2 protein chains.
Amino acid sequence: MIPPAFILVRPQMGENIGAAARAMLNFGLERMRIVDPRDGWPNPAAVALASGAGRVLDAAGVFPSVQTAIADCDFVFATTARGRELTKPVYSPEAAMAHARALTAAGKKVGVLFGPERAGLENDDVVQANAIVTVPVNPDFASLNLAQCVLLMGYEWRRQTEVVEAVVQEMARTEFASALEVEKLGDHFEERLAAAGFFFPEAKVDGMKASLRNMWSRLGLTRAEVQTFHGMLRQIAFRLRQQDQE
Amino acid sequence: MIPPAFILVRPQMGENIGAAARAMLNFGLERMRIVDPRDGWPNPAAVALASGAGRVLDAAGVFPSVQTAIADCDFVFATTARGRELTKPVYSPEAAMAHARALTAAGKKVGVLFGPERAGLENDDVVQANAIVTVPVNPDFASLNLAQCVLLMGYEWRRQTEVVEAVVQEMARTEFASALEVEKLGDHFEERLAAAGFFFPEAKVDGMKASLRNMWSRLGLTRAEVQTFHGMLRQIAFRLRQQDQE
């Protein structure tokens, strides 16, 4: 599987090319192409800002035109801030990268076009793409810069391709208390609280006990935390007995 | 429904606070809180960089501690670059903002903590949160800055809350050709091509015609494009007749 090429079309500031390289590498993407960069190539400002992601710039291909940059691509997305008066499917970043995943898994090559900083892609660029991608920004305030747009597309690529557990990788290594252990903790508390005269008035006792049991189950305590609670309770009881004896 | 508060904890550079405000407003979020900013508040550098998103800064609350900043929150996420040795659920940005959507829809208040630029949140901050959020970056190159982290969380918030059609809002306004119109275009081509001796050899004619019919249907032509094809075909035929007469 060949990951998508991110193609910067007529980028202006070298700093933005460097920032785009960093944004790509954050999500494991290394195939950058650059079309007709304003300040030529290589660009020292790009290298300075890419620190750590310099290898993305080193491997970047430079092309004279969009046409030559996408020549080997089977499917090309054009990122634009707004819909165009062009008859082309408009994808969300999510749908676009899901489609890119399917295409690359089938051995196809995918390219994603990003326009120059100020003006974005021109219609002449967009017509060469198979589809448009638009980030669903606030219509009253849309100020994504080049590297931010690259970042969001890279994020969606990784989200669509990596098997990310939705939640809780870390939790898997945690030893949670069993239901029986939680129940015994509830027993222990109930016993001590009853001894302390906590359950009062009589008519409310069942409700109070049920609330406590519910709380213990809901907390998701670890085995160690259950032991800590037992220990705290024992210590309090110990102190109380001491006081009684004093 | 009250959208989540994005809480910048001990931010250092004013520029990054301004960039975070822009990133938030891109996705319609305006509730910023700032804990103990290094350079005091208000901060002219933040205002300069926020241009257009200044109202997010104007409305931002400044707090002396994480504790006071989250006091009214029902659920708090802490963004961290890596898992901690803490027993806390670890959410993806997607899962976190889906949960935030459910909580806010139920009238709950949600906060999201972002750490200072260099070091990120300290364990003392993270323990005050209900859950951790980690962006699934490339483990060999993780260089998200503060505003980028805010941008990705804002993007996921909007993605989880806005009804974004996966594809093709623009296409809905397009007048596509009906199946009958496509069929008539196929007839027209077939007729002209047959007259031009295109269908040859005899044994392959059925297959060639089927391929063409299949292509016309698959293209998803608009009504205007169908008319254009008819026009092109008529014009070619007209020229051919002229040449015959010369």
Side-chain angles (χ1 to χ4, degrees), chain A residues 19 22-29 51-53 56 83-96 98-99 131-132 134-145 147-148 151-152 154-156 158-159 162 164-171 173-176 220-222 224-225, chain B residues 19 22-29 51-53 56 83-96 98-99 131-132 134-145 147-148 151-152 154-156 158-159 162 164-171 173-176 220-222 224-225:
Chain A
R22 291 175 68 86
M24 286 175 63
L25 197 53
N26 263 305
F27 296 111
L29 288 165
S51 71
V56 175
R84 305 288 182 122
E85 298 308 306
L86 297 168
T87 298
K88 251 188 225 308
V90 179
Y91 285 68
S92 66
E94 177 182 19
H99 191 44
I132 285 171
T134 297
V135 178
V137 285
N138 178 1
D140 299 327
F141 186 83
S143 79
L144 292 182
N145 64 34
Q148 286 176 320
L151 184 82
L152 289 172
Y155 169 75
E156 277 292 357
R158 192 165 179 94
R159 211 169 64 76
E162 201 194 19
V164 180
E165 295 300 321
V167 190
V168 189
Q169 308 95 310
E170 296 301 312
M171 298 295 272
R173 277 185 253 132
T174 304
E175 270 205 88
F176 287 101
L221 297 171
T222 64
E225 287 162 347
Chain B
R22 293 176 68 86
M24 286 175 64
L25 197 54
N26 264 305
F27 296 111
L29 288 166
S51 71
V56 175
R84 305 290 182 121
E85 299 307 307
L86 296 169
T87 298
K88 255 190 223 303
V90 180
Y91 285 69
S92 66
E94 178 183 18
H99 191 45
I132 286 171
T134 298
V135 178
V137 286
N138 179 358
D140 298 327
F141 186 82
S143 79
L144 291 182
N145 65 34
Q148 286 176 320
L151 184 83
L152 289 171
Y155 168 76
E156 277 291 358
R158 192 165 178 92
R159 210 170 64 76
E162 201 195 17
V164 179
E165 296 300 320
V167 192
V168 188
Q169 308 94 313
E170 297 301 311
M171 297 294 271
R173 277 185 253 132
T174 305
E175 270 205 89
F176 288 101
L221 296 172
T222 65
E225 287 163 347

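Order of the sequence lines sets the chain letters (A, B, ...), proteins ahead of strands, with each chain counted from 1. Treat the numbers as computed from the prediction; the structure is a model and nothing was measured.
Comparing Leu25(A), Asn26(A), Asn138(A), Val137(A) by how many heavy-atom pairs each has under 4.5 Å with chain B, the most go to Asn26(A).
The line from CG of Leu151(A) to CG of Leu151(B) is 6.0 Å long, rounded to the nearest 0.5 Å. Here the CD atom belonging to Gln148(B) is positioned 13.5 Å from the OH atom belonging to Tyr155(A), to the nearest 0.5 angstrom.
Neither the backbone nor the side chain of Ala98(B) has a heavy atom closer than 4.5 Å to any heavy atom of chain A. Contact of Ala224(A) with chain B is not made at all, since no heavy-atom distance falls under 4.5 Å. Proximity to chain A involves both the backbone and the side chain of Phe141(B), based on heavy atoms less than 4.5 angstrom apart.
Closest approach of Arg158(B) to Pro136(A), counting heavy atoms only: NE-O, 2.6 Å.
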